[in-house]
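This chain uses plain numbering: 1 for the first residue, then up along the sequence.
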Amino acid sequence: NQEEPFYVTLVAKFTDESEEEADIMELFCGTELFATECVKAGWKVLKMPDGKGADIKLGHDIRSPKVQKQILKMIEQKKTKCVIVQINCENFTKPKNFTQGLAEQRLQEAMPMVRFTKSVCRVQHFSQPRRRFIVENPAPSKLFRTEEMQEVLSWGGVEEVNFPMGGLG
């Protein structure tokens, strides 16, 4: 028996085990590492209609309002149990070689994705029964200090957990 990766176990704890399925959708998924592990664990993973994950590298530009609308509709229609949002941390951390002005410009350019992330969280949080979401970014990231994410963190039942997700590969 091969032991489940710790992040699959983590999501299992966040999903409602009384439901028959633990559907997962990964946004900004890059290489689809997480979704691949979920499939290995026997979970149903929601992907875009072409069978690929939701990421610009896989042909789905989540910056597009049309794609965003499609994703929100899919999440709602499929009653996705947990959505993992892995928004690019480079826009929310200041590399040593960035000036403060450039870091602020990158943060402003990323705000449409922050608003979309908030929309995903809202769909999940205010559904009946409530479904789950995970927003992954490094602890020092400015993402969690944005007004949008501060509002998400203020919703009853939303918890903040810090763990070294980036250390998983």
Side-chain angles (χ1 to χ4, degrees), residues 7-39 41-89 91-92 107-138 141-163 165:
Y7 45 89
V8 171
T9 305
L10 175 73
V11 173
K13 291 179 181 179
F14 280 105
T15 59
D16 182 357
E17 294 177 3
S18 67
E19 298 289 333
E20 287 183 27
E21 295 181 323
D23 292 332
I24 300 294
M25 184 171 202
E26 188 178 17
L27 300 177
F28 306 100
C29 59
T31 61
E32 298 187 274
L33 172 67
F34 189 82
T36 300
E37 293 300 324
C38 288
V39 168
W43 293 11
K44 182 180 176 186
V45 175
L46 180 61
K47 296 192 177 206
M48 299 302 286
D50 65 358
K52 296 179 183 176
D55 191 287
I56 194 166
K57 294 174 188 172
L58 301 173
H60 302 284
D61 189 352
I62 302 177
R63 296 172 298 184
S64 160
K66 181 179 177 182
V67 173
Q68 291 177 8
K69 185 176 179 179
Q70 179 183 24
I71 289 170
L72 290 170
K73 183 177 179 181
M74 289 171 55
I75 290 169
E76 187 58 38
Q77 285 180 341
K78 298 294 183 178
K79 301 193 181 328
T80 308
K81 304 290 184 288
C82 186
V83 178
I84 296 95
V85 182
Q86 298 170 315
I87 193 167
N88 188 342
C89 65
N91 296 313
F92 306 101
L107 177 63
Q108 290 309 311
E109 289 171 357
M111 289 311 293
M113 294 300 86
V114 174
R115 289 188 284 278
F116 173 63
T117 297
K118 179 182 171 186
S119 295
V120 169
C121 295
R122 176 180 284 119
V123 165
Q124 291 297 96
H125 186 74
F126 293 105
S127 63
Q128 292 297 325
R130 183 181 297 167
R131 299 186 304 254
R132 307 291 184 217
F133 59 87
I134 297 173
V135 179
E136 189 271 323
N137 234 247
S141 169
K142 291 184 179 183
L143 171 64
F144 300 109
R145 293 192 295 262
T146 64
E147 185 178 311
E148 290 79 0
M149 293 311 296
Q150 286 295 302
E151 181 181 336
V152 170
L153 289 168
S154 76
W155 299 338
V158 173
E159 299 178 30
E160 182 176 354
V161 176
N162 289 309
F163 64 94
M165 183 82 165

Rounded to the nearest 0.5 Å, how far apart are [atom1] of [X] and [atom2] of [Y]?
X	Y	atom1	atom2	result
Glu26	Thr80	CD	OG1	13.0 Å
Leu27	Ile75	CG	CD1	5.5 Å
Asn91	Lys142	CG	NZ	12.0 Å
Arg115	Arg122	CZ	CZ	12.5 Å
Glu136	Cys89	CD	SG	7.5 Å

**OP:** Start with the C-alpha gap between Gln86 and Asp55, add the side-chain angles, then the distance that decides, and say whether side-chain contact (heavy atoms from CB on, under 4.5 Å) holds.
**Re:** CA-CA 10 Å; Gln86 298 170 315; Asp55 191 287; over 6 Å; no
Side chains of [X] and [Y]: closer than 4.5 Å at any heavy-atom pair?
X	Y	value
Val152	Phe144	no
Leu153	Glu160	yes
Gln70	Ser64	no
Leu58	Glu32	yes
Ile62	Ile56	no

**OP:** Tell me, with the steps shown, if Lys47 and Lys52 meet side-chain contact (heavy atoms from CB on, under 4.5 Å).
**Re:** CA-CA 6 Å; Lys47 296 192 177 206; Lys52 296 179 183 176; 5.9 Å; no
Original post:
Shortest non-hydrogen contact from Cys121 to Val135?
Top reply: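 Closest approach of Cys121 to Val135: SG-CG2, 3.7 Å.
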**OP:** Looking only at non-hydrogen atoms, find the nearest pair between Ser127 and Pro129 and report the distance.
**Re:**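 What the structure gives for the nearest pair is OG-O, 3.0 Å.
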**OP:** Go through the steps to decide whether Glu147 and Lys118 satisfy the test salt bridge (charged side-chain N to carboxylate O under 4.0 Å, His left out), and finish with yes or no.
**Re:** CA-CA 10 Å; Glu147 185 178 311; Lys118 179 182 171 186; over 6 Å; no
Subject >> Check ion pair Asp61-Arg63 (N to O, under 4.0 angstrom) >> reply: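 Yes, charged N to carboxylate O under 4.0 Å.
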**OP:** Could you tell me whether Arg131 and Glu76 make a salt bridge, using a distance below 4.0 angstrom between a side-chain N and a carboxylate O?
**Re:**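 Salt bridge present between Arg131 and Glu76.
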Original post:
Taking the six-membered ring for Trp, are Phe116 and Phe28 parallel (under 30°), tilted (30 to 60°) or perpendicular (over 60°)?
Top reply: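 Ring orientation, 0 to 90° scale: perpendicular.
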